[in-house]
Amino acid sequence: MDGSVKVTGTPALELRSVRRVYGFGPAATTALDDVHLTVPSGRFVSLIGPSGCGKSTLLRLVAGLEQPDGGEVSVHGVTPAQACAAKLIGLVPQSPALLPWLSVLRNVTLPQKINRGAAGRRERIADFAERRTAPDMRELLVKAGLGDALHKLPAQLSGGMRQRAAIVRAFGLQPDVLVMDEPFSALDEFTRESLQDQLLDLWEELRTTVLFVTHSVSEAVRLSDTVVVMAPNPGRIVESIDVDLPRPRGERLFGERRFHEYEDLVRERLRRAWHSEAA
């Protein structure tokens with residue numbers, strides 16, 4: 001398999017022959033080489049692989065934070081820069097990055113008040129001629145379990161609550177593509193699973209296309225429609241695995257045989273990726 005999800009029409013994400021190199025001459029490091037990936041709208045796709053395989057680099061290219069040295073990256077048929085200007089892309093980093101002097105509610109509503117010209121740019125992209133009604137941010141915060149924290153400052157929240165606020169902030173912009181770089185990596189297992197529940201609830205309602213980086217096999221299988229396996233030296237996609245499990249995916253999923261079969265399959269593909277690098 002080549003790591004692509006084949007679809008008709010304009011995909012949400014498309015990477016063609018993408019290459020990214022850091023440094024020059026003998027000291028240069030190829031972070032990504034000949035990466036092809038196509039993601040249809042509304043899919044939840046996780047990237048998983050060992051450290052140094054280019055997962056975060058791929059995410060930064062999609063988010064428009066870096067430029068490829070070769071190949072092409074498109075978001076709904078336009079460049080990441082154009083997509084960012086039209087607020088088609090949302091980003092949830094590892095750290096919540098909330099403004100410490102603003103309440104939770106003001107933190108999550110602030111982005112809606114910035115760059116109002118994005119609406120016009122979005123309308124000029126063919127697939128987004130119809131504008132959607134802005135979500136009720138109070139309602140989203142309540143659904144994320146933050147109803148009692150609307151007027152608290154970030155310093156008054158736990159790490160898990162701050163990350164929930166960051167996720168609500170990103171969804172509140174109604175991005176058509178949401179990129180998430182290991183947003184739960186610093187949390188304990190119980191909090192991590194709770195936030196997975198909250199993320200899935202929001203995603204089920206809004207159906208944003210999600211590109212999610214993780215090191216957790218269990219997390220990737222639980223959340224994703226497709227798990228993309230990457231290998232290092234150079235960073236590349238070695239396989240994509242479609243996860244055919246029913247939704248919604250609550251806690252009962254952990255006891256199902258098929259869930260563990262998918263976990264075993266992803267782990268086996270990761271071992272192959274390691275062995276191919278060692279060879």
Spell out, as yes or no, whether a donor-acceptor pair under 3.5 Å connects the side chain of Arg164 to the backbone of Leu195.
no

Gap separating the CZ atom of Arg267 from the CG atom of Asp264, nearest 0.5 angstrom
6.5 Å

Search all heavy atoms of Gln67 against all heavy atoms of Leu61 and return the closest pair with its distance.
C-CD2, 3.5 Å

Heavy atoms of Ala149 and Leu157 approach each other most closely as CB-CD2, 3.8 Å

Say you draw a straight line from CG of Leu47 to OG of Ser56; how long is it, rounded to the nearest 0.5 Å?
9.0 Å

Ionic contact status for Arg247 with Asp225, cut-off 4.0 Å:
yes

Indicate yes or no for a side-chain donor-acceptor contact from Lys55 to the backbone of Met230 under 3.5 Å, with no hydrogens or angles considered.
no

Using the six-membered ring wherever Trp is involved, compare the ring planes of Phe212 and Phe184 and label them parallel, tilted or perpendicular (cut-offs 30° and 60°).
tilted

Quick one: are Val228 and Val45 in side-chain contact, heavy atoms under 4.5 Å?
yes

If you define the side chain from C-beta out and look only at heavy atoms, does anything of Thr209 sit under 4.5 Å from Leu178?
no

Work out which heavy atom in Leu199 is nearest to a heavy atom in Phe171; give both atom names and the distance.
CD1-CE1, 3.6 Å

Minimal heavy-atom distance between Ile89 and Ala63, with the atoms involved, is CG2-CA, 4.2 Å

Okay, side chain of Ser224, backbone of Val227: is any donor-acceptor separation there less than 3.5 Å?
no

Answer yes if Val217 and Phe254 sit in the same cluster of Ile, Leu, Val, Met, Phe, Trp and Tyr residues linked by side chain heavy atoms under 4.5 Å apart, and no otherwise.
yes

Honestly curious: do Val108 and Leu153 fall in one hydrophobic cluster under the side-chain, below-4.5 Å linking rule?
no

Does any part of the side chain of Pro11, heavy atoms only, come nearer than 4.5 Å to the side chain of Pro40, both counted from C-beta?
no

Given 3.5 Å as the limit, does a donor-acceptor pair link the side chain of Gln82 with the main chain of Thr79, or not?
yes

Tell me if a side-chain donor or acceptor on His36 pairs with a main-chain N or O of Glu14 at a distance below 3.5 Å.
no

Assigning hydrophobic clusters by single linkage (Ile, Leu, Val, Met, Phe, Trp, Tyr; side-chain heavy-atom cutoff under 4.5 Å), is Val73 placed with Val21?
no

Walk me through whether Leu211 and Val62 qualify under side-chain contact (heavy atoms from CB on, under 4.5 Å).
CA-CA 9 Å; Leu211 191 63; Val62 170; 4.0 Å; yes

Distance check, rounded to the nearest 0.5 Å: Met180 atom CE versus Gln163 atom CD?
7.0 Å

For salt bridge (Lys or Arg N to Asp or Glu O under 4.0 Å), just list the numbers for Glu205 and Lys143, CA-CA rounded to whole Å, side-chain angles, deciding distance to a tenth of an Å, and then say yes or no.
CA-CA 11 Å; Glu205 180 177 347; Lys143 288 182 178 180; 2.6 Å; yes

Check Glu268 with Arg272, please: is the shortest side-chain N to carboxylate O separation under 4.0 Å?
yes

For Asp197 and Ser194: C-alpha separation, side-chain torsions, deciding distance, then whether side chain to side chain donor-acceptor pair (under 3.5 Å) applies.
CA-CA 5 Å; Asp197 289 335; Ser194 174; 5.4 Å; no

Could you give me the CA-CA distance, side-chain angles and deciding distance for Asp33 and Arg236, then say whether salt bridge (Lys or Arg N to Asp or Glu O under 4.0 Å) is met?
CA-CA 6 Å; Asp33 186 47; Arg236 64 199 185 279; over 6 Å; no

Please assess Leu141 against Leu150 for the test side-chain contact (heavy atoms from CB on, under 4.5 Å), listing each intermediate value before the final yes or no.
CA-CA 8 Å; Leu141 286 169; Leu150 298 180; 3.3 Å; yes

Would the distance check show the side chain of Arg249 and the main-chain N or O of Val221 forming a donor-acceptor pair, the cut-off being under 3.5 Å?
yes

Check for me, please, whether Leu59 and Leu65 land in the same ILVMFWY cluster - side-chain distances under 4.5 Å, paths through other members count.
yes

Can you tell me if Asp148 has over 12 outside heavy atoms packed within less than 6.0 Å of its CG?
no

Taking atom CG of Leu37 and atom CG of Leu58, what is their separation to the nearest 0.5 Å?
6.5 Å

Would you mind listing every salt bridge (charged side-chain N to carboxylate O under 4.0 Å, His left out) that reaches into residues 67-76, with sequence neighbours excluded?
Arg16-Glu72, Arg20-Asp69

Side-chain heavy atoms of Thr38 within contact of Leu13, under 4.5 Å
no

How close do Thr10 and His76 get, counting heavy atoms only, and between which atoms?
CG2-C, 3.5 Å

Does Leu32 offer a backbone N or O that forms a donor-acceptor pair with the side chain of Arg19 under 3.5 Å?
no

Arg207 vs Asp176, test: salt bridge (Lys or Arg N to Asp or Glu O under 4.0 Å). Steps then yes/no.
CA-CA 9 Å; Arg207 288 292 174 169; Asp176 294 279; over 6 Å; no

Glu263 versus His260: any side-chain heavy-atom pair under 4.5 Å?
yes

Taking all atoms of both residues into account, what is the closest heavy-atom pair of Ser51 and His215, and its distance?
OG-NE2, 3.7 Å

Spell out, as yes or no, whether a donor-acceptor pair under 3.5 Å connects the side chain of Thr214 to the backbone of Ser216.
yes

Between Tyr262 (side chain) and Asp244 (backbone), is there a donor-acceptor pair under 3.5 Å?
yes

Using the side-chain contact (heavy atoms from CB on, under 4.5 Å) rule, take Val177 and Leu88 through it: C-alpha gap first, then chi angles, then the decisive distance, then the call.
CA-CA 6 Å; Val177 174; Leu88 296 183; over 6 Å; no

Between CG on residue Asp188 and CD on residue Glu193, distance to nearest 0.5 Å:
9.5 Å

Expected output: side-chain Trp203 to main-chain Phe44 donor-acceptor under 3.5 Å:
no

Please list, chain by chain and in numerical order, all residues satisfying side chain to side chain contact (heavy atoms under 4.5 Å, CB included) with Glu261, sequence neighbours excluded.
Arg257, Arg258

pair Leu206-Gln174: side-chain heavy atoms closer than 4.5 Å:
no

Can you tell me how far CZ of Arg162 sits from CG of Leu187, rounded to the nearest 0.5 angstrom?
9.5 Å

Residues 90-105, side-chain donor-acceptor partners within the protein, below 3.5 Å, at least two apart:
{"from": "Ser103", "atom 1": "OG", "to": "Arg106", "atom 2": "N", "distance (Å)": "3.1"}

